[in-house]
Amino acid sequence: MAFLHVTDREGARHEIEGADGWRVMELLRDSGLGVEGICGGACDCASCHVIVAPEWAEKLPAAREDELLKLDELPAIEETSRLSCQILWSEALDGLALTIAEIA
Amino acid sequence: MDAAVTASSTANRYDVAIIGAGPTGLFAVFELGLLGLKAVVVDVLDKPGGQCAELYPEKPIYDIPSWPIITGQELTDKLLEQIAPFGAAFRLGQLVTGFARKPDGRFSLTLSEGERIEAGAVFIAAGAGSFAPRKPKVEGLEAFEGKSVFYAVRNRAALAGQDLLVVGGGDSALDWAIDLVGTAKSVTLMHRSDRFRAAPASVAKMRSLEAEGRLRFVEGDLHALTGENGDLSAVTIKSKNGFESLAATRLLAFFGLSIELGPIGDWGLDLADGKQIRVDTEKFQTTTEGVFAIGDINYYPGKLKLILSGFHEAALASHAAFKIVRPEEKLRFQYTTSSSELQSRLQVSGASKAA
Ligand SMILES: Cc1cc2nc3c(=O)[nH]c(=O)nc-3n(C[C@H](O)[C@H](O)[C@H](O)COP(=O)(O)OP(=O)(O)OC[C@H]3O[C@@H](n4cnc5c(N)ncnc54)[C@H](O)[C@@H]3O)c2cc1C
């Protein structure tokens, strides 16, 4: 079994079980951690903005152009900001640590 | 009493007030119209269509019954065409801020520009909530908002002679930066990167103005605002080279739109998860009689946030609302194919002579 380590907006930590082939946004949304995923993963609403732990940032597949453009639209982002709808879960991500960003 | 006042107060009386012009709110106009009920639709966006028109006008949708493929904008246009015969009133670009039940049992809604509308029933079709401009993350922002920091241009002339800073990398930011060259004393466009989410022609135009020295482009993030009593004098920006101060007396920020529940959260409704309004599945009525919630905004066991669910909910809520708004009348169930009454409301003449 592979797990995702999440810090929510209040600073509480959670361990969430991954599901192969799911988007990380869907894992967060269905865990009731306040990630809405309004656009269902279309890279359109940025409601799934997360900040990935620095040691994981490099290991994830790089963001594509439309994700970078959407992130650039937000008033504030961090070095390792990602839209979690663009991160596909697999066993290889076991231990992935991230923080749910403030609602922009 | 003043005649004009009387006229406007009756003009603002409707059978049903619909909050939200997304697909659900629009289709509710249709279902209410078939029953002979007059609706008014309010949306904070300046165009109808809700998420479909704002977030994905060009994207194809594949699960609208009988439309194998239709884009968000096409769906909106078709809905507007379908509801046209019913002549619903629209109040666009306005947020419903206040909601109250009057002593006679009817409802009064207050809009952001101060207008009041009155209705016998209310349909909350507010989707994921109201769209609002995303705000810069800087301290003391509130003091500047509406005085020297804006999220839209309402009064172009007021920007004349100002040192203008436009922030953002989308069409709105580029279009306004370009447009205001010549009006403002100086124009600076700032964006986090040199990637733009805008029409290539606008990017090219911006670059040529930059080359002519009529517009300055800087890469960076807004860090702080400086000024007194809401009068901006400078901003601090954070870029690859560190912090830098920039003279600016007006700031236009275009960070796109976010969606938040908004005023609806304060109306004493039963909220599931703090975000969705709990309804029954017979009438899609909230815990307040006469107030219905349909589409993405509602919650009931088994709820699916799909456009088709909103359509179904609109039909049932409309029938339930009829009984509240027209208690003295009998509700007659009829089909559009065979009822001449429905066909005359639709302004069509069907083949059938029945009913
Ligand atoms: C990218 C994307 C893809 C999607 N794909 C599909 C799909 O393939 N199939 C599908 O069925 N669904 C899809 N959806 C979901 C679908 O768009 C929603 O289910 C649908 O828009 C809900 O309609 P609605 O009318 O209930 O709410 P919305 O479309 O959200 O409209 C609600 C409106 O209410 C307004 N409002 C809210 N509060 C106030 C207030 N206080 N005052 C004034 N106005 C207010 C808002 O501004 C908004 O315009 C998708 C959504 C997105 C973002």
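Chain A is the first sequence line, chain B the second, and so forth, proteins listed ahead of strands; every chain is numbered from 1. The figures that follow rest on heavy atoms only: side chains count, while hydrogens, waters and symmetry mates do not.
Residues F255(B) and K135(B) are not in side-chain contact: their nearest non-hydrogen atoms beyond the backbone lie 4.5 Å or more apart. With contacts defined as side-chain heavy-atom distances shorter than 4.5 Å, the pair K70(A)/H49(A) does not qualify. Proximity of L4(A) to L93(A): side-chain heavy atoms (C-beta onward) are nowhere separated by under 4.5 Å.
The nearest pair of heavy atoms linking I51(A) to A101(A) is CD1-CB, 4.1 Å. Here the closest non-hydrogen pair linking L95(B) and P263(B) is CD2-CG, 3.9 Å.
Top candidate by heavy-atom pairs under 4.5 Å with chain A, chosen from E260(B), R134(B), K275(B), K59(B), is R134(B). When the candidates L68(A), D72(A), D44(A), L69(A) are compared by the number of heavy-atom contacts under 4.5 Å with chain B, D72(A) comes out ahead.
Only the backbone of I103(A) comes within contact range of chain B, with heavy atoms under 4.5 Å apart. Only the side chain of K305(B) comes within contact range of chain A, with at least one heavy atom under 4.5 Å from a heavy atom of that chain. For chain B, no part of E102(A) is nearby; none of its heavy atoms comes within less than 4.5 Å.
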